[in-house]
Amino acid sequence: MSRAKEKLAFGAGLLAAVLAASPAVAHAQFGDIFSAILSTITGTIGGALNEIHQIQADVLRTEQEVLYPLSLIHQAESYIATIKASYRGWMNNVFAIRINSANLLTPRNLESVFLSGRTAQIGNFNQIYTSTYGAQPAMGAAPTLNLQMMDIEDATAKDATAQAIAADQATATMLQTAQRIEDESQTTAPGTADMVSAEARTAELASMAMQHKLLAYELRERAMELAHRGTILKQSTTNAQQLHQQLLNNLGGGN
């Protein structure tokens, strides 16, 4: 029995020694693997990442110094801020100056409409215009030529006033657009300046088109004035011819 107990005790001790040694071996093996992985990350891969970061930093520095120089951009932003602070308030006050000068009630109402800068007021303009300048005489109340001259000149005056009201409204819109573009130019990101410039160019073309339209109407008004003078000369000539004929008839020399 003692012999068997000795064998059993020896086997248990051997098993305990194996179990005690196994974790140390496993830990040593996994530690070597982790060390290899860490060495690869911090060595080969880490060096490549550092090079990539250096390249990115060089590209960013080139963009900031050559393509989008931050110092110049900040100078431009400061310049725009100075302009806005110096002139925007003053310009808005100039455009807001009231220039109404009519005193009597009916002319004052007419002036208020054509200085309103709102196209919605055009519908009320005809009635106020007639109240101020008088109604068109009925047919037969004056020579046909005179009636026609009065009619076309009233129409031209009304059309010109309507165009002026629309132009004032468009001008107010263009001023708002200009201020918005100015604000955008102060905060625009590098690389988008061309977009803001294109928007400003479009607004400029729209403003020029409006100016040309007003100029064309001014030329039409001038043409109407010349036509009016021509009509008066024609009428004077006709009256002179009729008077000459009457004199000849009274003197017995007419046909």
Side-chain angles (χ1 to χ4, degrees), residues 91-177 203-255:
M91 292 176 63
N92 288 337
N93 290 334
V94 170
F95 285 114
I97 293 176
R98 294 183 60 84
I99 57 175
N100 306 59
S101 57
N103 295 315
L104 300 179
L105 178 61
T106 301
R108 190 166 64 244
N109 292 336
L110 177 65
E111 185 183 40
S112 176
V113 170
F114 65 66
L115 291 180
S116 65
R118 293 186 295 153
T119 55
Q121 294 288 336
I122 294 177
N124 303 325
F125 180 71
N126 287 336
Q127 180 179 357
I128 302 177
Y129 179 90
T130 300
S131 299
T132 304
Y133 293 105
Q136 173 76 11
M139 291 299 297
T144 301
L145 187 60
N146 292 344
L147 292 176
Q148 293 176 162
M149 290 173 59
M150 286 185 282
D151 188 28
I152 190 60
E153 289 174 359
D154 280 344
T156 301
K158 293 177 182 178
D159 294 344
T161 304
Q163 291 284 354
I165 294 174
D168 286 343
Q169 179 172 310
T171 299
T173 302
M174 292 302 298
L175 287 174
Q176 295 175 359
T177 301
E204 181 183 3
L205 292 175
S207 178
M208 292 176 61
M210 181 177 64
Q211 293 177 9
H212 290 165
K213 186 174 183 179
L214 292 177
L215 178 59
Y217 212 94
E218 184 177 353
L219 293 175
R220 284 195 291 272
E221 288 182 321
R222 181 57 179 166
M224 291 301 302
E225 293 177 2
L226 294 176
H228 180 86
R229 290 177 56 188
T231 301
I232 294 176
L233 292 175
K234 295 171 187 176
Q235 191 174 32
S236 298
T237 301
T238 300
N239 293 337
Q241 290 175 344
Q242 292 175 353
L243 179 60
H244 183 261
Q245 186 63 41
Q246 290 176 0
L247 290 174
L248 290 177
N249 290 338
N250 292 334
L251 294 174
N255 294 328

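All values reported here derive from a predicted model rather than from experimental measurement. We use all heavy atoms of the structure for the numbers below, so side chains are in, but hydrogens, waters and symmetry mates are not.
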Pair Gln235, Asn239: side-chain N/O donor-acceptor within cut-off below 3.5 Å:
no
Taking atom OG1 of Thr156 and atom CD of Gln163, what is their separation to the nearest 0.5 Å?
11.5 Å
Ile97 side, atom CD1; Asn92 side, atom CG - distance, nearest 0.5 Å:
11.5 Å
Decide if atom CZ of Phe125 counts as having more than 12 heavy atoms of other residues, nucleotides or ligands within a radius under 6.0 Å.
yes
A side-chain contact here means heavy atoms from C-beta on lying under 4.5 Å apart; do Ser236 and Leu233 qualify?
no
Check the pair Thr161 / Tyr129 against side-chain contact (heavy atoms from CB on, under 4.5 Å), numbers first and verdict last.
CA-CA 10 Å; Thr161 304; Tyr129 179 90; 5.9 Å; no
Walk me through whether Asp154 and Gln136 qualify under side-chain contact (heavy atoms from CB on, under 4.5 Å).
CA-CA 9 Å; Asp154 280 344; Gln136 173 76 11; 3.9 Å; yes
Output yes when a side-chain donor or acceptor of Asn249 lies under 3.5 Å from a complementary backbone atom of Gln245, and no otherwise.
yes
Any donor-acceptor N/O pair, Asp151 side chain to Leu147 backbone, under 3.5 Å
no
Nearest 0.5 Å please: distance from the CZ atom of Phe114 over to the CD1 atom of Ile165.
8.5 Å
Tightest non-hydrogen contact, residues Glu221 and Ala160, listed as OE2-CB, 2.8 Å
Glu218 atom CD, over 12 foreign heavy atoms within 6.0 Å:
no
Is the number of heavy atoms from other residues, nucleotides or ligands within 6.0 Å of CZ (Arg220) greater than 12?
yes
So which heavy atom on Ala203 is nearest to which on Met174, and how close?
O-CE, 2.8 Å
Could you verify whether a donor N or O on one side chain and an acceptor N or O on the other, from Ser116 and Gln121, lie under 3.5 Å apart?
no
Does the side-chain contact (heavy atoms from CB on, under 4.5 Å) test come out yes or no for Met224 and His228, once each step is laid out?
CA-CA 6 Å; Met224 291 301 302; His228 180 86; over 6 Å; no
Distance, nearest 0.5 Å, that separates OG of Ser101 from CZ of Arg108:
11.5 Å
Do other residues, nucleotides or ligands put more than 12 heavy atoms under 6.0 Å from the CD atom of Gln127?
no
Does some side-chain heavy atom of Ile232 sit less than 4.5 Å from a side-chain heavy atom of Met149?
yes
If you measure from OG1 on Thr144 to CE on Met139, what distance do you get to the nearest 0.5 Å?
4.5 Å
So, applying side-chain contact (heavy atoms from CB on, under 4.5 Å) with Asn109, which one of Ile128, Thr132, Asn124 is it?
Ile128
Pro143 side chain reached by Asn146 side chain, heavy atoms, under 4.5 Å
yes
Polar side-chain atom of Glu111 near backbone of Asn100 as donor-acceptor pair, under 3.5 Å:
no
Do Gln148 and Ile152 pass the side-chain contact (heavy atoms from CB on, under 4.5 Å) test, and can you show the C-alpha distance, the side-chain angles, and the key distance before you say yes or no?
CA-CA 6 Å; Gln148 293 176 162; Ile152 190 60; over 6 Å; no
Using 0.5 Å steps for rounding, measure from the CD atom of Gln211 to the OG1 atom of Thr171.
8.5 Å
